[in-house]
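These notes concern the structure reproduced below.
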Amino acid sequence: MEDKGELLGDVLVLACGGTIGQREVDGRMVVVVPASDLLAPVLAHASMSALWTPADSAEPAGDGATSTGGGPPMVDVLSVVARSGVYMGWDGLLALRDAVVTHCRHYRAFLVICGTDSMEEVAFALELLIDPAADSLGRPVVVTGAMKPHDVLGYDGHANLRDALAVCLDPHARGLGTLVVMNDAIHAARYVQKLDSQLIGSFSSLPAGPLGQIRNGRPLLYHRALPPFPHRPVAVAAASKEQKPWRLRDRVLVWPITLGCGDFLIPDHLLRTLDGLVLSGMGTGTIPDSYIEHLSPEWTSKLAIVIVSRCPLGQNYDDFYYRGSLRKYTDRGFLVTGYEDLNPLQARLKLIVALSLSSITTTGPASA
């Protein structure tokens with residue numbers, strides 16, 4: 001597509017597979033339902049036209065783009081990958097980012113359909129990779145999927161797609177970055193976590209709760225702005241489809257610190273294979289002394305090693321109550337600041353992005 005600064009449609013759907021398109025085939029669950037088939041009954045539903053009215057079309061598209069407006073939403077589909085969530089990789093994540101950057105002047109919003117197994121990681125990675133101001137012109141990037149396969153009673157895929165499209169078309173969603181829409185809730189990518197492995201209401205936002213909900217068929221946003229997002233490396237804004245400053249370094253391991261693990265150290269032969277390491281410590285990121293002595297200075301001098309808390313909430317140090325708890329690790333070359341409020345999965349994604357963009361050193365606190 002040529003970049004003429006005109007909207008070619010309202011929403012570009014970026015399809016990545018997942019449970020939402022799974023059916024049983026010869027006794028196995030397989031992603032076989034294409035996104036166009038998933039969307040067809042949703043777009044044909046009368047409620048979709050009610051979402052997109054002439055009043056909405058008066059919303060400026062920005063940067064000289066013209067809006068389509070005035071009727072049912074115009075939706076195009078781009079197949080990125082077709083996988084279960086467990087097989088989502090950086091090739092898919094970078095392809096999603098490239099699609100948003102390439103087409104940000106052509107569509108009012110982007111809808112990512114993916115598997116729920118890795119949805120919270122996909123959403124957070126997109127929040128890291130896509131700068132709303134520089135990359136997407138403030139266009140919403142909305143992620144959704146389904147907890148139940150396409151061929152079972154109680155399938156939630158169509159409702160989630162309809163709700164996600166409603167958020168895409170809501171002008172108040174502009175500038176909020178990457179969002180996750182599941183089970184009538186609108187989550188910010190930076191807060192959302194999957195807290196249950198099976199239930200439809202698996203996704204929650206910690207610590208602040210969802211940004212909004214779907215009420216009476218329309219998005220109701222309780223928060224119209226978010227705090228600055230400090231975790232996106234500055235170099236991300238310079239990346240584009242034609243010239244990406246990427247040398248992917250994704251061999252980053254999350255190692256949990258558990259009861260009695262002080263005598264079981266990470267083998268050197270494993271450490272030699274890594275680009276980085278995230279230690280998921282107890283409480284406020286507490287690590288056994290045996291680990292500190294083993295990893296520092298030999299490994300902290302040549303390997304980025306981040307410390308976070310394994311708790312769902314809370315920071316990775318507390319110098320107010322536990323004086324010296326920060327310098328105990330940073331003086332030994334561990335990365336603590338810059339990762340205070342991230343869980344282990346988020347910290348791993350941030351470290352991969354930072355390493356791949358060569359925007360941090362491995363001998364002190366991360367600057368990304």
Side-chain angles (χ1 to χ4, degrees), residues 89-90 93-94 121 124-125 128-129 230-236 238-239 244-311 314-320 322-368:
W90 282 92
L93 291 172
L94 293 175
E121 293 177 84
F124 190 80
L128 290 170
L129 293 169
H231 302 294
R232 185 182 301 110
V234 174
V236 163
K244 300 189 295 287
W246 278 90
R247 184 172 69 87
L248 187 60
R249 301 175 63 191
D250 61 345
R251 295 184 64 84
V252 175
L253 179 69
V254 175
W255 188 277
I257 300 300
T258 57
L259 182 70
C261 76
D263 295 330
F264 303 95
L265 302 178
I266 306 173
D268 286 352
H269 67 82
L270 176 58
L271 291 167
R272 292 190 197 98
T273 68
L274 299 180
D275 295 316
L277 174 66
V278 175
L279 295 175
S280 179
M282 295 181 173
T284 52
T286 305
I287 307 297
D289 288 344
S290 57
Y291 272 69
I292 297 173
E293 297 303 322
H294 175 60
L295 295 172
S296 175
E298 179 180 358
W299 288 105
T300 53
S301 64
K302 52 193 174 186
L303 186 69
I305 304 179
V306 171
I307 294 176
V308 295
S309 173
R310 70 181 195 180
C311 299
Q315 296 188 328
N316 59 352
Y317 73 93
D318 186 346
D319 256 2
F320 182 78
Y322 307 106
R323 279 74 68 191
S325 63
L326 176 60
R327 292 191 58 185
K328 175 183 178 180
Y329 300 117
T330 57
D331 285 354
R332 300 293 296 266
F334 294 94
L335 307 181
V336 179
T337 57
Y339 294 84
E340 292 94 332
D341 57 342
L342 300 184
N343 64 45
L345 299 181
Q346 294 171 334
R348 176 180 179 269
L349 293 169
K350 177 179 178 177
L351 184 57
I352 290 172
V353 171
L355 288 171
S356 299
L357 292 169
S358 301
S359 58
I360 66 169
T361 66
T362 60
T363 57
S367 59

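- Put simply, the side chain of K328 reaches to within 4.5 Å of the side chain of D289, judged on heavy atoms.
- Two residues are said to be in side-chain contact when any heavy atoms from C-beta on lie closer than 4.5 Å; L93 and E121 fail this criterion.
- Under the 3.5 Å distance criterion, the side-chain polar atoms of S296 are left unmatched by any main-chain donor or acceptor of I292.
- The shortest non-hydrogen separation linking V353 to P233 is CG1-CG, 3.7 Å.
- Looking at N316, its side chain does come within 3.5 Å of a backbone N or O of V336 through a donor-acceptor pair.
- With rounding to the nearest 0.5 Å, the separation of CG in L129 from CG in L94 is 6.0 Å.
- Taken from CG in L303 to CD in E298, the straight-line distance is 11.0 Å, to the nearest 0.5 Å.
- The side chain to side chain donor-acceptor pair (under 3.5 Å) check on E293 picks up R332, with sequence neighbours excluded.
- The shortest non-hydrogen separation linking S356 to R249 is OG-N, 3.0 Å.
- P344 approaches V278 most closely through the heavy-atom pair O-CG1, 4.2 Å.
- Across all their heavy atoms, S290 and G262 have their closest contact at OG-O, 2.7 Å.
- Looking at Y317 and I307, their side chains never come closer than 4.5 Å, going by heavy atoms from C-beta outward.
- For the pair Y291 and I305, the minimum side-chain heavy-atom distance is 4.5 Å or more.
- Under the 30°/60° scheme for interplanar angles, the aromatic rings of Y329 and F334 are found to stand perpendicular.
- Here the closest heavy-atom approach between residue G283 and residue S309 is recorded as O-OG, 2.5 Å.
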With side-chain contact (heavy atoms from CB on, under 4.5 Å) as the test, would you mind laying out the steps for D341 and H231 before giving the verdict? CA-CA 10 Å; D341 57 342; H231 302 294; 3.0 Å; yes
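- Using a 4.5 Å heavy-atom cutoff, the side chains of L335 and T300 are not in contact.
- Distance SG/C311 to CG/N343: 11.0 Å, rounded to 0.5 Å.
- Remark: D275 CG to L351 CG distance equals 8.5 Å, nearest 0.5 Å.
- Partners of D268 by side chain to side chain donor-acceptor pair (under 3.5 Å), not counting sequence neighbours, listed by chain and number: H294, W299.
- For the atom pair CD (Q346) and OH (Y339), the distance works out to 12.0 Å, reported to the nearest 0.5 Å.
- The side-chain contact (heavy atoms from CB on, under 4.5 Å) with L279 is formed by just one residue from the set I266, V306, V308, V254; it is I266.
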Show the numbers, then the answer: is there a side-chain contact (heavy atoms from CB on, under 4.5 Å) between L248 and I352? CA-CA 8 Å; L248 187 60; I352 290 172; 4.2 Å; yes
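- For D319 (side chain) and G324 (main-chain N/O), a donor-acceptor pair under 3.5 Å exists by modelled atom type.
- Taking R251 as the reference, nothing meets the salt bridge (charged side-chain N to carboxylate O under 4.0 Å, His left out) condition, with sequence neighbours excluded.
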Going through the checks in order, is the side-chain contact (heavy atoms from CB on, under 4.5 Å) test met by I257 and T286? CA-CA 8 Å; I257 300 300; T286 305; over 6 Å; no
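- Once rounded to the nearest 0.5 Å, the distance linking CG of L355 with CG of D250 reads 10.0 Å.
- In this structure, the side chains of L253 and T273 stay at 4.5 Å or more apart for every pair of heavy atoms.
- A distance-only check finds no donor-acceptor pair linking the side chain of R310 to the backbone of P256 [under 3.5 Å].
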